[in-house]
Amino acid sequence: MTKTLTLLASLAVAASSFGLTAADTGTEAGPACLWAGAAYPQGAQVSAGGSDYTCGSQGPAPYWTRGRAAAVSTVPNPGADSNPAGRFSAGARQPGTEYEDTCVGDQFIPGPDDVYQAVSDGRGGLLWKFAGPISQWTFDPGAVRPRTTRSSGLCIDGVLT
C-alpha cells in the first residue's frame, strides 16, 4: 500500500513538472457540470453572455463559477426557456424568455428583460432565479435576443392567464 501511494505521488510530481494538472489528465475529482445539456469536467471553462464560467462544485453538486469578462460565447445559449434540471448546473446564467414571464398584481413583468441563474431549489432540483437586468448579458453578433408575445392584458389579480 505504501509503495502504491509513493508511486502515485511520484507520478503526480512528474506530471506537474511537465505543466500537466489533474484536469489535463482527466483525473480531477468531482461531478461534471452541464451547460445546455453538454457535460464539462471539473476545471473546464466556458464563455457565455460576456463572462467566463469555470466548472467546480459546491459540496457534492456541480457548480459554475462566474469569472472575468469574455468576448464571445463558446457554448450554446438557448435562454432560460424551461426548467434547468438536466440541462444546466447551478451557477449557469441565461437570458430570460417567455418561460419567466410573470405578473405582480395587474403589472406584467416580461422574462426577456432579465438574466436568470440556475439555483438549487433545496430539494435536489434546480430553478431559474433572477440574477440581474438583461444589460448584464452580452449577446453575440447575430444572436437573436429572446422576446415575449405576452402582454399586461394577460395579468389578472397577479395571475398570468
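Counting from 1, the numbers follow the sequence of the chain as shown. These numbers were taken from a predicted model, which means no experiment stands behind them.
Remark: side-chain polar atoms of Thr97 are paired, donor with acceptor, to backbone N or O of Tyr99 under 3.5 angstrom. Judged purely by atom type and a 3.5 angstrom limit, Ser120 has no side-chain atom pairing as donor or acceptor with the backbone of Leu126. The main-chain N or O of Leu34 is found under 3.5 Å from a side-chain atom of Trp64 such that the two form a donor-acceptor pair. Although no hydrogens or angles enter the test, the distance criterion places no donor-acceptor pair under 3.5 Å between the side chain of Ser51 and the main chain of Arg66. Using a distance-only test at 3.5 Å, with no hydrogens or angles considered, no donor-acceptor pair links the side chain of Asp121 to the main chain of Val119. Using modelled atom types, one side-chain atom of Gln94 and one backbone atom of Gly79 make a donor-acceptor pair closer than 3.5 Å. The main-chain N or O of Gly56 is found under 3.5 Å from a side-chain atom of Gln42 such that the two form a donor-acceptor pair.
Grouped by direct or indirect side-chain proximity (heavy atoms under 4.5 Å, Ile/Leu/Val/Met/Phe/Trp/Tyr only), Val159 sits alone.
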Give the C-alpha distance, both sets of side-chain angles, the deciding distance and a yes or no for ring pair (Phe, Tyr, Trp, His ring centres under 6.0 Å) between Trp35 and Tyr53.
CA-CA 10 Å; Trp35 195 286; Tyr53 295 83; 5.1 Å; yes
Decide yes or no on side-chain contact (heavy atoms from CB on, under 4.5 Å) for Lys129 and Tyr116, but give the supporting numbers first.
CA-CA 5 Å; Lys129 184 176 180 182; Tyr116 292 83; 5.7 Å; no
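Phe130 and Trp128 fall within a single hydrophobic cluster, where Ile, Leu, Val, Met, Phe, Trp and Tyr side chains are chained together by heavy-atom contacts under 4.5 Å.
Between Arg150 atom CZ and Cys155 atom SG the span is 9.5 Å, to the nearest 0.5 Å. Once rounded to the nearest 0.5 Å, the distance linking CG of Leu154 with SG of Cys103 reads 7.5 Å. Note that CD1 of Ile109 is 8.5 Å distant from CG of Asp114, once rounded to the nearest 0.5 Å. Remark: Thr148 OG1 to Asp101 CG distance equals 3.5 Å, nearest 0.5 Å. For the atom pair CZ (Arg68) and OG (Ser47), the distance works out to 7.0 Å, reported to the nearest 0.5 Å. Between atom OG1 of residue Thr65 and atom CD of residue Gln45 there is a gap of 10.5 Å, rounded to the nearest 0.5 Å.
When side chains are defined from C-beta on, Phe139 counts as touching Pro146, because their heavy atoms get closer than 4.5 Å. In this structure, the side chains of Gln117 and Arg93 come closer than 4.5 Å at one or more pairs of heavy atoms. Here the side chains of Phe108 and Thr102 are not in contact, with every heavy-atom distance at 4.5 Å or above. Here the side chains of Val75 and Asn77 are in contact, with some heavy-atom distance below 4.5 Å. Contact annotation: the side chain of Pro95 approaches that of Trp137 to within less than 4.5 Å [non-hydrogen atoms, C-beta and beyond].
Counting all heavy atoms, side chain and backbone alike, Ser89 lies closest to Ala118 at O-CB, 3.6 Å. The minimum heavy-atom distance linking Ala32 with Ala39 is given by the pair CB-CB, 4.1 Å.
Using a cutoff of 4.0 Å between basic side-chain nitrogens and carboxylate oxygens, Arg87 and Asp81 are scored as salt-bridged.
A side-chain donor from one of Glu98 and Thr149 sits under 3.5 Å from a side-chain acceptor of the other.
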